[in-house]
Structure formats: structure tokens, C-alpha cells
Amino acid sequence: MDPNADTPKLLRTLAGETAERPPIWLMRQAGRYLPEYRALRATTPDFISFCLDPVKAAEATLQPMRRFPLDASIVFADILLIPRALGQEVWFEAGEGPKLGALPEINALTDHIERVAEALSPVGETLSRVRAALEPERTLLGFAGAPWTVLTYMLEGGSSDRTAARTAAYADPERIDALLEVLVEATWRYLAMQVQAGAQALVLFESWAEGLSEEMFQRLVTKPHQKLINRLRQSGVEAPVIGFPRGAGALVEGYAADVAVQGVALDTQASAELGRRIQATGRTIQGALDPLLLRAGGPALMARVETLLEQWGDGPYIFNLGHGVLPDTPVSHVEQVIARVTGK
Ligand code: CP3
């Protein structure tokens, strides 16, 4: 008998085990491609209020779990709840995405750090509700945006090409590093609260790791991730962490070597060899099906699923996308992929 047989597949995989088949979950597995999500979402037009309503957020989290035999559930929330908890105004405009108000002074942001976990306690309540409803073999994931990615939204006032944020990182390094420090301090507290509330593993979304030189990547991505994970471990949080430096390209190998994450999520561009080299260093990998291919469907989709299972499946591997499910993805394509990977 395998002594770890009772440990959920995803947690075993993050511990370095190669399970009988890879566990699967999908980034943005809850959301607009599901008709039941659109119906629920219409009951609370304000997106932030929806995220901070534990009954509705738990329901949105569980919707894909009812439909599909997924191995993990990711709490329904958003990476922009952190700037809001730090005192910056955040709202969503239909069809336009996120908008943020003027960035407060660093001292004003710092004053909020100690109260971030309390301000975001509704996310903790969502996690507790989901954990109570979820079967024990399915893992519950908490998450946060990584400091640099969240800072790009805070500096730019919304979605952008990050030009202003990257320029500021060169032109005003003391201020940018101080802002990253504020985000490290806020984010580890938020993640520790999520673990206390029931999250069993954590995802750190660095959605905008692209376009950085090696030196800037070290400073804006690697260092803040290292600090954040050190702070989590020092505070006694043992939950495994999956880091997702999306767009890091060739720098992802250095990331995997330098940051003490248990899992490294790979984006759509990652080659078979790159993934295998990271597995060989003792890290679990996750990814990297193209969300556009999931949307397109057909034989090309299923052929790519076979390739991914073949190229990475004999090492520690979590099946996932290279980025989030797109809103206009047919549910039947999602169903087909999950059925192939799980055999259910
Ligand atoms: O299943 C899940 O993954 C649900 C939880 C989740 C959401 N956002 C819900 C959401 C997660 C993990 C996120 C992370 C997130 N949010 C990231 C990192 C991952 C990535 O995609 O790169 C980022 C960059 C954001 C910021 C954000 N939130 C943007 C840019 C937008 C607008 C674009 C869009 O997709 O509409 C959001 C809104 C958002 N977050 C929606 C959902 C379901 C859509 C809003 C709606 O339902 O009206």
C-alpha cells in the first residue's frame, strides 16, 4: 500500500510524486464560458462586491467542480483585491476591464498592511465554505497576484502594455522597490490567511513577467517571490506554492532554480525540453495547453493533449493551460480535455 494514497493527487504531485495520471485543473475554470456563472454574476453587477460575497463566490468556485471531475478548485477572487485592501480605489467597467484610482502615497499604503488579512476575510470565508463542500480528494487552491504584476495595475491605473511601469522601474528604482516591498508584506499576510481558512496549496500569478531583461527580472520578479516565500515559511505556512511567471521565456529556468516554489507553471510557449529540464531539477511543472486551441477544439486540440501527456507525463506534472480559459470557449471542449486526462 502506498502510504500517501490518501493525499490528494495534486498535493502528491507537488511533493514530487509522479501519480498514475497527471492531476488537472484549469486557470479561470470558473467564469464567463459557463452559462451558470453568467446567470449568477448577473445577480451582483459590481464585480468587487461579487468577489467579496462569500456565498456567491463559493458558488462560482464550485460551479466547474460540479460539472467536471477536476482535481483542484481555485477560490473565486481577483488579484486586484490587494490594491483595494491597501486603500487604492478599484472598479471594473463592463467591456473595459479593471480601473484603479490614483496611487496613494507609500506611507498611506503601508498603514494598511497589518489590516489586509482582516479586510479580505470574506475571501477566507469563501475558502472555508468551499472546503466544507468539496470532496477530500480534491485540492483547494488559494492565490494572489505576484507583487510586480499587481504593481503594474496600481501604477498604470488598469490593464496596459506596462510601458509606464517598466520605465518607472528604471527611472525611479527606490520608489518601485519600496512599493514592491509593501506588496510583499501585504501579500504573504493575505496568503497565510487563506491557508488558515482552508487553502491547501497557493498559486502566485506573475502574469506580466514578459519583456524584462535578466537584471530586471531578478529585481522585479525573482527577489520579491523569494522574500514572499521566506515570509510565508517564517510564519509557519507550509502549503506548497506554484509560481507562474508568465512570459518569462528562457528566464523561467533561472526562476525555477532561484525561487523555492514546489511547482512552476509554464506558459503556452514552453518547449518540451524546457519542461523536462525543470522537472529534472526536482520541481513539479504545470501547463501549458494554449487557451486558443482549447477554444478552437477538434482533432488538433486532442492531438496536443496527447503530446503534452506524453512529453511531461512521466515526471511530476499538473495538466493545465498556458493561461486562462477564454470567455467564448465551448464548454464541450473543456469537458473533452478533462475526460481525456482523468479517464472519467
Ligand atoms: O477560476 C478562476 O480562476 C477564478 C478566479 C480568478 C479571477 N481572476 C476571476 C475573474 C483568478 C485566479 C483571477 C486572477 C487574475 N485577475 C489575474 C491573473 C491571472 C491571469 O489571467 O493572468 C489577473 C491579471 C487579473 C486581473 C483581472 N481580473 C483582469 C485584467 C480582468 C478583466 C479581464 C477579464 O477577463 O474580464 C479581471 C476580471 C475577472 N477576474 C473576471 C473573472 C471571472 C471577469 C469579470 C466578470 O466576470 O465580469
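For ligands, and for the atoms within them, numbers begin at 1 and follow the listed sequence.
What sits closest to atom 1 (O) of ligand 1 on the protein, heavy atoms only, is Ala30 N, 2.9 Å. Among all protein heavy atoms, the one lying closest to atom 25 (C) of ligand 1 is Ile79 CG1, 3.5 Å. Of the protein's non-hydrogen atoms, the one nearest atom 30 (C) of ligand 1 is Tyr153 OH, 3.6 Å. Scanning the protein heavy atoms around atom 41 (C) of ligand 1, the nearest turns out to be Phe47 CZ, 3.7 Å. Nearest protein heavy-atom neighbour of atom 4 (C) of ligand 1: Phe76 CD1, 3.8 Å. Of the protein's non-hydrogen atoms, the one nearest atom 11 (C) of ligand 1 is Phe143 CZ, 3.6 Å. In terms of protein heavy atoms, atom 32 (C) of ligand 1 is closest to Pro98 CD, 3.7 Å.
Dense packing is recorded around CD of Glu137, with more than 12 heavy atoms of other residues, nucleotides or ligands lying under 6.0 Å away. Other residues, nucleotides and ligands place no more than 12 heavy atoms under 6.0 Å from the CD atom of Gln269.
The nearest non-hydrogen atom to atom 27 (C) of ligand 1, considering only Asp78, Leu34, Leu81, Val203, comes from Asp78. Comparing heavy-atom distances from atom 2 (C) of ligand 1 across Arg28, Arg38, Glu93 singles out Arg28 as nearest. Of the listed residues (Pro64, Ala77, Gly95, Ser207), the one carrying the non-hydrogen atom nearest atom 5 (C) of ligand 1 is Ala77. In this comparison of Arg246, Arg41, Arg32, the heavy atom closest to atom 48 (O) of ligand 1 sits on Arg41.
Looking only at distances, a side-chain donor or acceptor of Arg162 sits under 3.5 Å from a matching main-chain atom of Ser160. In this structure, Ser235 contributes its side chain and Leu232 its backbone to a donor-acceptor pair below 3.5 Å. With hydrogens and angles disregarded, a donor-acceptor distance shorter than 3.5 Å links the side chain of Gln63 to the backbone of Glu36.
Heavy-atom proximity to His323, at under 4.0 Å, picks out these atoms of ligand 1: 20 (C), 21 (O), 22 (O). Interface atoms of ligand 1 facing Ile74, defined by a heavy-atom separation under 4.0 Å, are 1 (O), 2 (C), 3 (O).
Contact between Trp208 and ligand 1 is absent, with no heavy atom of the residue lying under 4.0 Å from the ligand. The closest approach between a heavy atom of Phe50 and any atom of ligand 1 is not below 4.0 Å. The closest approach between any non-hydrogen atom of Phe92 and ligand 1 is below 4.0 Å.
Ring planes of Phe50 and Tyr37: perpendicular class, angle over 60° (limits at 30 and 60°). Between Tyr33 and Phe68, the two ring planes are parallel [angle under 30°; tilted spans 30° to 60°].
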>> If you apply the rule side-chain contact (heavy atoms from CB on, under 4.5 Å), what do you find for Gln218 with Gln226, and how did you get there?
In response: CA-CA 10 Å; Gln218 278 283 336; Gln226 287 171 331; 5.7 Å; no
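Taking every heavy atom of both residues into account, Phe76 and Ala30 meet most closely at CD1-CB, 3.9 Å.
Considering backbone and side-chain atoms together, Ser159 places no N or O closer than 3.5 Å to any N or O of ligand 1.
Linking ILVMFWY side-chain heavy atoms closer than 4.5 Å, directly or via other members, places Leu81 and Val130 in a single hydrophobic cluster.
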